[in-house]
Amino acid sequence: MTKQALILFAHGARAASWAAPFERLRDLTRARLPETQVELAFLELMEPRLPEMVAQMAAQGVAEVTVVPVFLGQGGHVLRDLPLMVEQLRSDHPQLSFKVVGAAGEDPAVLNALTDYCVNSLKVV
């Protein structure tokens, strides 16, 4: 059996409280995928950073890593920075298989959920 891992990749911020929704997302995702290692990693300003998380997973025997950018759009970090990081990670960890999906906010289901939230904000009294 191949050991799979899922990394939720977020930007990071100086305020520790900023990570709270991403930590909840990680925990909810873990609950739905009990056979998969689900972790959170950051581009900058917070730990763990993506390279450190991948190194830890490699040391634990993970074979397949899927990176989910939890960004609303495909901006510079997702379009330029992340591909360069993953290219380096592939070089550093040739035994790992990497898959990178699009930014979460680009997915129609995510956009529909956000639209529902926005529409329902008018109904809150």
*Taking ILVMFWY side chains as joined if any heavy atoms are under 4.5 angstrom apart, and letting links pass through other members, which residues group with Val110?*
Leu72, Leu114
*Between Ala58 and Gln95, what is the shortest heavy-atom contact and its length?*
CB-NE2, 3.6 Å
_Summary of side-chain hydrogen bond (donor to acceptor under 3.5 Å, both in side chains) pairs that have at least one residue in residues 46-60, sequence neighbours excluded_ = Gln37-Gln60
*Do Leu33 and Val68 belong to the same hydrophobic cluster, where Ile, Leu, Val, Met, Phe, Trp and Tyr are linked whenever their side-chain heavy atoms lie under 4.5 Å apart, directly or via other members?*
yes
_Co-members of Val65 in a cluster of I, L, V, M, F, W and Y side chains, linked at under 4.5 Å_ = Ile7, Phe9, Leu43, Leu50, Met53, Val54, Met57, Val62, Val67, Phe71, Val78, Leu82, Met85, Val86, Leu89, Leu96, Phe98, Val100
*Can you run down the salt bridge (Lys or Arg N to Asp or Glu O under 4.0 Å) pairs that involve residues 19-30, sequence neighbours left out, and say none if there aren't any?*
Asp27-Arg30, Arg30-Glu39
*ring-ring contact (aromatic ring centres under 6.0 Å, His included) with His11: which residues, sequence neighbours excluded?*
His77
*Would you give the length of the straight line joining atom CG of Leu84 to atom CG of Leu79, rounded to the nearest 0.5 angstrom?*
11.0 Å
_Under the salt bridge (Lys or Arg N to Asp or Glu O under 4.0 Å) definition, can you give me all pairs with a residue in residues 75-100, not counting sequence neighbours?_
none
*Under the ring-ring contact (aromatic ring centres under 6.0 Å, His included) rule, collect the residues that match up with Phe22, sequence neighbours excluded.*
Trp18
*Considering all heavy atoms, the nearest Pro69-Gly102 contact*: CD-O, 3.6 Å
_For Leu25, side chain to side chain contact (heavy atoms under 4.5 Å, CB included) partners two or more places apart_ = Leu8, Thr29, Val70
